[in-house]
Amino acid sequence: MGFGRNSNMRSTDFLDGMLGDYVGRKAKVKAPKTSSTRLVTALTCLQFAFAVYATFLLYYMSPLVDLRTKPDFTWITRNMRQLITTPHVLGRYQDAALSLVGAEVALSTPSEVCEHEKIDFMQKKSNNARMINLKRELYDEILDFQSKTIGTETLAELMAMRSKWDMRGPNRPRVTVLLNHFKRKTLCSQLDSLLQQTLPFHHVWVLSFGSPNEQSLKRIVDSYNDSRISFISSSYDFKYYGRFQMALQTEADLVHVLDDDMIPGKKMLQILSHVAGTEKYKNSVLGSIGRILPFRQKDFTFPSYRKFGSKEAGLYLPDPAYDITIDKIVQVDFLSSSWFLSAELVKSLFIETPFTFMTGEDLHLSYQLQKYRNAGSFVLPVDPTDKETWGDSEHRLAYVSETTVIFKDIVQVRDDQWWRALTTGYVTQWAAMYTQKIDALFYAHSVDEVKALMPLLEKFRSTVGKKAYIVVSGDGFCSCEDAAAALNWPKQVCKERRFKIFDLQIGAISGTSNSEVPVLQVVYSSMKGLIKIHNPSVVITLADADSNVKKALKMASETNANGTTLVLLPRPSVSKVLWMPDLRSTALPYWNRMRISINIITQNRAESLTRLLKSLSDAYYVGDEVPISFNMDSKVDEATIKLVDSFEWPHGPKTLRRRIIQGGLIRAVSESWYPTSDDDYGLLLEDDIEVSPYYYLWIKYALLAYHYDPQISLPELSSISLYTPRLVEVVKERPKWNPTEFFKRIHPNTPYLHQLPCSWGAVFFPKLWREFYVYMNMRFTEDAKANPVQIPKSRTNGWQASWKKFLIDMMYLRGYVSLYPNFPNQSSFSTNHMEPGAHISAKDNVVRHDKTDFEVPLLMEDFRPLLPNAKLPPASKLPSLNLFNQPVSLKGLKMAGAKLGQDVLRCDNATEIVTAHHLTGLPLQCSKIV
């Protein structure tokens, strides 16, 4: 590469002055011809001859000279005056010296060496009324959207905005202009325009890479004899990216890269610099021509950007063919022909390896700037009456066939390039205007991960009304083709322009690097864009994925203001949560919100506790953190203490609590847990309980479906039972009861709402538990007969020392219910082994218990297929029962409590019930039943 720069010294001025001085003296004084004069003259001539010889020698030693070509000596005469170092040329030798350089001494002028592009055709115009309407309609839609979201300004409004650059003061920006030339004869027109700019440029670099016109281009640059204009050449063609590589070398504040068909108006540098200095557009690339990429068609595919006759093919802006001019600044997907940006932003172009070096640097620049710098691309407006504000005053040059004809293979390459950008997170104008909403976005870093996630992905895609796509790392990790084969999808899905698999092409940035930084950077940046475009409710990947990948996914998910949750699933849990697609999209983002803690009440049944702990350890927790606590009374035995101490719990923290004074079961249970937030739920288990491997999945599924879904309103729900009772326990006769038979007209396995709380495995909600604490404190009495609440026909009225009695009373008075499972043979998520303890077989308990009435089988297989339509029914379809297992509406339950009128606050109206503060649990007021 050669770099030629003209000297600051005006050599013609020096020589003219020197000769003028000599001629003046010669007219006045005739110098005597002495021997000393002849000697000086001879030495001067000898010095001059030596200078010529040295110059020839240096020329042939230069690495720029190709000795195989015919030598060009004209450069010598152009610079000869700089070689004359002394004005003391006297006598007859003066004439000889001047005749030696002769007429060749004079530098060429631009008028002598410039060539100009011939423009002998008219601007193309379309006469297709339908296409004119379609293009104008799309442009108006885009402009209307942008004016409402980001705001659009006219040229006058832009110039009125405050800018960091002072065009006349000391803070004037330095702008380096890069002109890339190959064959066009427009260099002189460009230089003339730049030299007349209202904001002077800092430097102009004329680039010639592999051009057959290199010598003529250099002569033109030399003819301008301006030290700010430099010529940079190379016999190798660096094509479209070379000019941006050169731009990295500038020390200027701003860079203006121009195609050779762009002749900017004289005010262009001033306008561009001013806008680039505003707060709104400082992180942007500005230009005069841009393109809007294709929009999605009705068949959910995207057309070619060159598809004729299609509105969805996008826009070329401005488009003289369709009479579309730019009167307000407009954001585009990429710029063409000219780019104006800060020198710092140029670096972004080379973060990722381009799709190809043969074309597409315009799209790649805008894509990389948005992806890694959140920078937009904007076409500036013009004043149609002032051609000096135009960024391209002779746009007809852009239609010269030799450089702008788009061949079919080039169109395909560019289509592939923009599609790859869109599928790796480029938020195009279509994506910004038409925000998508999908349910899940899966991420797999390897083929093995694709296979592991496949059951859940396929369940999402096969569920009516659900959308889910998968993102793969690409290249040496997992290509689109590899993923398609693993999913048994046709490989054509990797070629068609339809959303299904997104290949991040991680190797484009990471290459063979052993550092985790490139992977972290490209996964984060790409996923951030994809999440912004598609707005998934959840991003799903495996819990054992690479830690840097998980970190990047977490950061990307958190950038979505609309709410996207990262779900990390252990491999064994993937097939166990196939009910996820059955949840509403509005419920899925709450996947990680809940915190369910296990609270075990134990004292001296080590064998029972061992069984419970084993069943808890064998359950599926879908990667959630689940704290566990052991609540032991003062008389706990040694075996239990040792067992609790040695127990290892991998799913969360373990806490041990031991009372100093024996409190009994009522205190042991009620004080075993208290919520720390509205998302804290307490699972209370006595040590003779055993749970199903699916118990946690039942709790999580029910919470998401009936409590966290914003579209569901079920404030009466206060707990979720793991157990299905076989008896109506509040009636004196305690008759047997089979919910499967009872609800067979609705569905034999429908879950149901029951006013009875469960003490043999249930999760309690924070709001209810706070109310229960306050209520129990206000109503607790050692004498059951002194309790003012007497529920008609309920044998709970005589229960003593039972925490459950107080909870039943409160739920009856305020209309609360619990959700119960209902499966064949009362199979449940927990069972009670009825082992001797504080109540069972106690000396003061006259009730005799048949173990078969309480011990139910555990669900050891996936419960989802047993549910109505293999999913939880809508909340509005859940049947509800009162305390005595009689069908009553939720409103009817509240009316019964209001009618009893025995709550801690007296409500005068039988249509009102007590409501409490959700944080303190304190009773607030009597409220109308709704």
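Judged as a ring pair (Phe, Tyr, Trp, His ring centres under 6.0 Å), and not counting sequence neighbours, H202 has no contacts. Residues satisfying the ring pair (Phe, Tyr, Trp, His ring centres under 6.0 Å) criterion with Y241, sequence neighbours excluded, are F357.
Of all non-hydrogen atoms in L363 and D333, the two that sit nearest each other are CD1-O, 4.5 Å. Listed here is the closest heavy atom pair of R174 and A252: O-CB, 3.4 Å. The minimum heavy-atom distance linking F502 with H534 is given by the pair CZ-NE2, 3.6 Å. Between I326 and P318, the shortest heavy-atom distance links the atoms CG1-CB, 3.9 Å. Taking each heavy atom of L566 and K550 in turn, the nearest pair found is CD2-O, 3.9 Å. Residues G290 and V379 share a closest heavy-atom pair of N-CG2, 3.5 Å.
L380 places a side-chain heavy atom less than 4.5 Å from the side chain of M268. Counting only heavy atoms from C-beta outward, the side chains of T564 and V539 approach each other to under 4.5 Å.
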V413 vs T356, side-chain contact (heavy atoms from CB on, under 4.5 Å): CA-CA, chis, key distance, verdict: CA-CA 8 Å; V413 169; T356 174; 3.8 Å; yes
S208 and S233: CA distance, side-chain angles, deciding distance, side chain to side chain donor-acceptor pair (under 3.5 Å) verdict: CA-CA 5 Å; S208 171; S233 66; 5.9 Å; no
Worked verdict on F209 versus Y236 for ring-ring contact (aromatic ring centres under 6.0 Å, His included): CA-CA 6 Å; F209 297 143; Y236 181 81; 8.9 Å; no
From CA spacing to verdict: side-chain contact (heavy atoms from CB on, under 4.5 Å), K532, N562: CA-CA 9 Å; K532 186 173 183 179; N562 295 326; over 6 Å; no
Verdict with supporting geometry, Y367 and W418, ring-ring contact (aromatic ring centres under 6.0 Å, His included): CA-CA 9 Å; Y367 164 51; W418 71 255; over 10 Å; no
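L317 contributes atom CG, which lies 6.5 Å from atom CD1 of I142 (distance to the nearest 0.5 angstrom). Atom CD1 of residue I263 and atom CG of residue L258 lie 8.5 Å apart, to the nearest 0.5 angstrom. Taking CD1 of I220 as the start and CD of Q190 as the end, the distance is 10.5 Å to the nearest 0.5 Å. Atom NE2 of H256 sits about 8.5 Å away from atom CG of L179, to the nearest 0.5 Å. Atom OG of residue S273 and atom CZ of residue R172 lie 10.5 Å apart, to the nearest 0.5 angstrom. Note that CG of D259 and OG of S288 are 11.0 Å apart. Values are rounded to the nearest 0.5 Å.
Residues K311 and E141 are paired through a salt bridge, judged by an N-O separation under 4.0 Å between the basic side chain and the carboxylate. The pair D416-R420 does not meet the salt-bridge criterion, since no charged nitrogen lies less than 4.0 angstrom from a carboxylate oxygen. One finds a salt bridge joining E361 and R243 here, because a Lys/Arg side-chain nitrogen approaches an Asp/Glu carboxylate oxygen to under 4.0 Å. No salt bridge links E214 with K218; every basic N to acidic carboxylate O contact stays at or beyond 4.0 Å. Ionic pairing of R184 and D261 is present here: one or more N-O contacts between side-chain nitrogen and carboxylate oxygen are shorter than 4.0 angstrom.
With hydrogens and angles left out, the side-chain atoms of Y224 and D192 include a donor and acceptor closer than 3.5 Å. No hydrogens or angles considered: nothing links the side chains of Q146 and T152 as a donor-acceptor pair under 3.5 Å. For the 3.5 Å distance criterion, the side chains of T198 and Q270 qualify, holding a donor opposite an acceptor. Judged by distance alone, the side chains of S377 and S366 do bring a donor and an acceptor atom under 3.5 Å apart. A donor-acceptor contact closer than 3.5 angstrom is absent between the side chains of S342 and E344. Checking S304 against D415 by side-chain atom types alone, a donor-acceptor pair falls below 3.5 Å. In the model, S211 has no side-chain atom that pairs as donor or acceptor with a side-chain atom of N213 under 3.5 Å.
In summary, of the residues considered (D503, V472, I506, L504), a side-chain contact (heavy atoms from CB on, under 4.5 Å) with C478 occurs for V472 alone. Residue F334 is tested with L293, L365, I292, I289 for a side-chain contact (heavy atoms from CB on, under 4.5 Å); the sole match is L293. When each of Y305, F499, Y426 is paired with W419, the ring-ring contact (aromatic ring centres under 6.0 Å, His included) condition holds for F499 and for no other.
Here the two rings, on H364 and F355, have centers that are 6.0 Å apart or farther. Checked against a 6.0 Å centroid threshold, the rings of W205 and F231 do not count as neighbours.
S479 contributes no side-chain N or O that, together with a main-chain N or O of G474, makes up a donor-acceptor pair within less than 3.5 Å. In this structure, N535 contributes its side chain and Q436 its backbone to a donor-acceptor pair below 3.5 Å. With S310 contributing its side chain and K307 its backbone, the two residues share no donor-acceptor pair below 3.5 Å. Here the side chain of N548 pairs no donor or acceptor atom with the backbone of L520 at under 3.5 angstrom. One N or O on the side chain of N171 and one on the backbone of K164 form a donor-acceptor pair closer than 3.5 Å. Judged by distance alone, the side chain of S193 and the main-chain N or O of S189 form no donor-acceptor pair under 3.5 Å. With S284 contributing its side chain and L286 its backbone, the two residues share no donor-acceptor pair below 3.5 Å. Checking side-chain atoms of D546 against main-chain N and O of V549 turns up a donor-acceptor pair under 3.5 Å. In this structure a side-chain-to-backbone donor-acceptor pair under 3.5 Å is present from E157 to T154. Between the side chain of T559 and the backbone N or O of A556 there is at least one donor-acceptor pair closer than 3.5 Å.
Classified by interplanar angle (parallel below 30°, tilted 30° to 60°, perpendicular above 60°), the ring pair F477/H445 is tilted.
Legend: disulfide bond (SG atoms under 2.5 Å apart) pairs involving residues 178-286, not counting sequence neighbours, sorted by first then second residue: C114-C188. Here salt bridge (charged side-chain N to carboxylate O under 4.0 Å, His left out) pairs that include residues 265-293, with residues two or more places apart or in two chains, are E153-K280, K267-D386, E279-K282. Listed by first and then second residue, the ring-ring contact (aromatic ring centres under 6.0 Å, His included) pairs involving residues 257-292 are Y281-F378 (not counting sequence neighbours).
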In a table with atom names and distances, give each donor-acceptor pair under 3.5 Å that connects a side chain of residues 522-531 to protein atoms at least two apart or in another chain.
residue, atom, partner, partner atom, Å
S525, OG, Q521, O, 2.9
S526, OG, K371, NZ, 2.8
S526, OG, T424, O, 3.4
S526, OG, V522, O, 2.9
K528, NZ, N374, OD1, 3.3

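Relative to the six-membered ring of Y434, R296 misses at least one condition, a distance below 6.0 Å or an angle of at most 45° to the axis.
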